[in-house]
Amino acid sequence: VSLTMDLTPVTLLVCLIAVCLSADNTGVKARSCADVRQFYSGKGFTLNGVPQSEISGEHLRVCPQGYTCCTSAMEETLSNLSRRELEGLVREAGRSVQASLNAQYRSFDTYFLELLNGSERWLEEAFVKALGTLYGPNAGILRELYAELRRYYRGAALNLDEALDEFWTRLLERLLKASEPAVAASLVSDEFLECASKQTETLRPFGDAPRDLKSRLARVFVAARAFVQGLNVAGEVVRKVSQVPLSPECNRAIMRLVYCPHCRGLGSIKPCSNYCRNVMKGCLANQADLDTEWQNLVDTMLQVAFSFGTEPSMDVVLHSIPVRISEAVLHLQENMEHYISKVLQACGDRGEEGTQSSVSEEPKKKESTVTALEYKPSSSAAVRLEVQVTDVSSKLKEMQLYWVQLPWALCNSKAASGSSGDDDCWNGVTKARYLPELMGDGLANQINNPEVDIDITKPDMTIRQQIMQLKIMSNRLKNALDGNDVDFQDTSDDISGSGSGMCSEKFCVRGRPPVFGPKLDTPKLDAYGPENKRVKGSGSRLRPCVSLVFLLLLSFLLRR
């Protein structure tokens with residue numbers, strides 16, 4: 001009986017060990033790294049060194065140190081991959097916004113130049129009849145005016161007021177020389193012509209037409225030029241900011257978010273939504289600081305776009321150029337003798353130095369050979385302008401919250417749906433609910449970000465420079481609303497590009513308020529796929545069994 005009693009603990013111990021070994025043998029398949037190996041090779045990496053089954057994870061530096069299928073080399077490789085993929089997604093999002101801005105630039109530029117070219121064609125067609133023999137000698141001056149207007153619109157270092165003044169001076173000179181031959185003989189002196197041009201402001205040979213045209217053209221051209229420059233500057237800001245590399249702290253957080261679930265055997269589990277957003281808000285904290293000035297720029301551009309349709313609208317102003325010129329020439333012809341009398345009194349007859357002209361003190365109005373033009377805006381032109389303004393405004397509004405919505409867009413299709421309290425999502429450590437609160441936007445709000453360690457006292461200088469570019473451009477646009485053309489101080493190296501590559505519709509995320517960003521199931525950064533089967537094993541599975549064996553063995557020895 002005693003022998004039987006002594007054998008009983010031994011028998012129980014042997015049976016328990018056998019059960020544990022049996023459980024261990026049945027769990028070999030559950031702890032297999034086959035899914036991870038398939039995932040890893042699917043990313044294009046060699047399987048050399050990749051474990052066949054789980055190993056202890058004390059070597060891991062980023063991922064949780066439980067039992068794992070990832071070696072140190074795999075962790076480093078996947079970490080570099082996660083960084084490249086996120087940087088690619090940010091650039092993809094930026095390219096979509098640049099594409100939208102570029103499309104708006106091309107659309108507006110085409111429309112504006114069509115209006116200007118149409119105005120010039122109408123002037124040439126109408127002036128052949130309106131000016132008669134006066135048109136041929138002056139055609140070059142008229143064409144040069146339009147060439148100067150195009151140069152100004154394109155951003156040339158050209159003073160619009162001076163260009164218009166130069167046009168009227170040259171036109172006056174030509175028309176004076178084309179007047180009565182007897183008078184023209186007295187006007188060949190350059191000194192006299194220079195003197196006569198100085199009397200223009202007082203004598204106003206063209207009446208009110210030059211002043212009216214200048215005020216209208218200044219309003220439209222200053223605004224149009226600033227508007228297209230705003231589109232270009234916005235596109236360049238997006239391009240440069242989208243190329244800012246991720247910080248080492250962000251890289252660790254992205255690895256933990258994207259690929260640590262695979263190393264942990266939870267490859268099919270998506271990250272908790274707020275966990276993903278906290279990571280993205282931390283990684284893109286400096287980018288989010290663009291929000292205030294970006295929204296300010298978009299708001300101001302919307303105001304400028306709206307001003308194009310206010311009376312007199314853009315199309316009316318551009319087509320009024322021939323009208324004002326015809327009015328000016330008509331006024332001069334009708335008052336030619338009176339004007340010549342006054343200018344000779346002021347400048348002297350250069351045929352006889354220092355003497356006054358013998359022209360009658362009471363000149364008679366001369367019959368004019370010029371016909372005044374009249375432009376009647378068509379309803380179709382008004383509709384087209386309205387469509388142009390509406391289209392560009394809607395696109396600008398869609399991207400107004402781009403920088404603060406980018407983290408949401410990046411997590412849109414990758415994070416688990418539902419609230420952060422769900423228990424079936426990856427929280428950075430295991431499959432469980434994510435408890436930390438959602439961080440705010442911008443660098444200052446990341447001081448307590450639990451996922452990305454950020455020094456909020458050291459902002460990214462590249463992004464700060466781009467914030468300044470947005471501020472400068474907004475100020476220029478605000479001046480343009482008042483018709484003031486201020487010097488544009490360019491503090492960047494190549495900010496004045498022509499909108500190089502700027503959101504196609506397929507890249508627009510529309511779940512929340514409209515935001516331009518990448519369509520995240522299109523780029524080949526499938527950080528949470530393919531849908532691998534969940535690895536069912538865990539290295540800690542044997543520990544309870546071993547502990548129980550140890551306790552029974554200890555009990556047996558003590559009883560002995």
Got a sec: does the [atom1] of [X] have more than 12 other heavy atoms crowding it under 6.0 Å?
{"X": "Glu114", "atom1": "CD", "result": "yes"}
{"X": "Gln65", "atom1": "CD", "result": "yes"}
{"X": "Gln243", "atom1": "CD", "result": "yes"}
{"X": "Leu158", "atom1": "CG", "result": "yes"}

Pi-cation contact, Tyr152 with Arg225 (under 6.0 Å, within 45°):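 Yes, a cation-pi geometry holds between Arg225 and Tyr152.
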
Criterion side-chain contact (heavy atoms from CB on, under 4.5 Å) on Met314 and Tyr111, from CA distance to verdict: CA-CA 11 Å; Met314 177 187 292; Tyr111 172 74; 4.0 Å; yes

Find out whether [X] and [Y] are in side-chain contact, i.e. whether some heavy atom of one side chain is under 4.5 Å from a heavy atom of the other.
{"X": "Lys281", "Y": "Leu438", "value": "yes"}
{"X": "Gln303", "Y": "Leu477", "value": "no"}
{"X": "Val50", "Y": "Cys69", "value": "no"}
{"X": "Asp485", "Y": "Arg476", "value": "yes"}
{"X": "Met439", "Y": "Asn445", "value": "no"}
{"X": "Val241", "Y": "Leu290", "value": "yes"}
{"X": "Gln400", "Y": "Asp299", "value": "yes"}
{"X": "Cys260", "Y": "Trp426", "value": "yes"}

Validation row, ring centre Phe108 to ring centre Phe308 under 6.0 Å: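 Ring-ring flag for Phe108/Phe308: true, centres closer than 6.0 Å.
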
Centroid-centroid under 6.0 Å between Tyr259 and Phe39 rings: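 Yes, the ring centres sit under 6.0 Å apart.
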
Distance from [X] atom [atom1] to [Y] atom [atom2], nearest 0.5 Å?
{"X": "Thr71", "Y": "Asn48", "atom1": "OG1", "atom2": "CG", "answer": "11.0 Å"}
{"X": "Glu87", "Y": "Cys250", "atom1": "CD", "atom2": "SG", "answer": "8.0 Å"}
{"X": "Leu396", "Y": "Thr300", "atom1": "CG", "atom2": "OG1", "answer": "11.0 Å"}
{"X": "Ser268", "Y": "Lys431", "atom1": "OG", "atom2": "NZ", "answer": "7.5 Å"}
{"X": "Lys458", "Y": "Leu443", "atom1": "NZ", "atom2": "CG", "answer": "12.0 Å"}
{"X": "Ile254", "Y": "Leu86", "atom1": "CD1", "atom2": "CG", "answer": "4.5 Å"}

Distance-only polar pair, side chains of Gln52 and Ser32, donor-acceptor under 3.5 Å: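 Per modelled atom types, Gln52 and Ser32 side chains form no pair under 3.5 Å.
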
Asp291/Gln295 under side chain to side chain donor-acceptor pair (under 3.5 Å): CA gap, chis, key distance, verdict: CA-CA 6 Å; Asp291 179 62; Gln295 289 205 49; 3.0 Å; yes

Ionic contact status for Glu75 with Arg256, cut-off 4.0 Å: no

Counterpart residues, side chain to side chain donor-acceptor pair (under 3.5 Å), relative to Glu451 (two or more places apart): Tyr434

Steps toward side-chain contact (heavy atoms from CB on, under 4.5 Å) verdict (Asn484, Val222): CA-CA 7 Å; Asn484 298 325; Val222 171; over 6 Å; no

Qualifying ring pair (Phe, Tyr, Trp, His ring centres under 6.0 Å) pairs, either residue in residues 277-307, two or more places apart: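 Applying ring pair (Phe, Tyr, Trp, His ring centres under 6.0 Å) to every pair that reaches into residues 277-307, excluding sequence neighbours, yields Trp294-Trp403.
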
Parallel, tilted or perpendicular, as decided by the 30° and 60° cut-offs, for the rings of Phe112 and Phe221: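 Plane angle over 60°, so perpendicular.
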
CA sep, side-chain torsions, deciding dist, call: Tyr40, Leu78, side-chain contact (heavy atoms from CB on, under 4.5 Å): CA-CA 9 Å; Tyr40 195 68; Leu78 292 174; 4.0 Å; yes

Sub-2.5 Å SG contact, Cys263 and Cys63: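 No - the two cysteines, Cys263 and Cys63, have SG atoms at least 2.5 Å from each other.
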
Evaluation steps, side chain to side chain donor-acceptor pair (under 3.5 Å), between Gln388 and Ser107: CA-CA 8 Å; Gln388 183 73 33; Ser107 177; 3.0 Å; yes

Chi angles and distances behind the side-chain contact (heavy atoms from CB on, under 4.5 Å) call for Tyr67, Ile55: CA-CA 5 Å; Tyr67 275 73; Ile55 59 177; over 6 Å; no

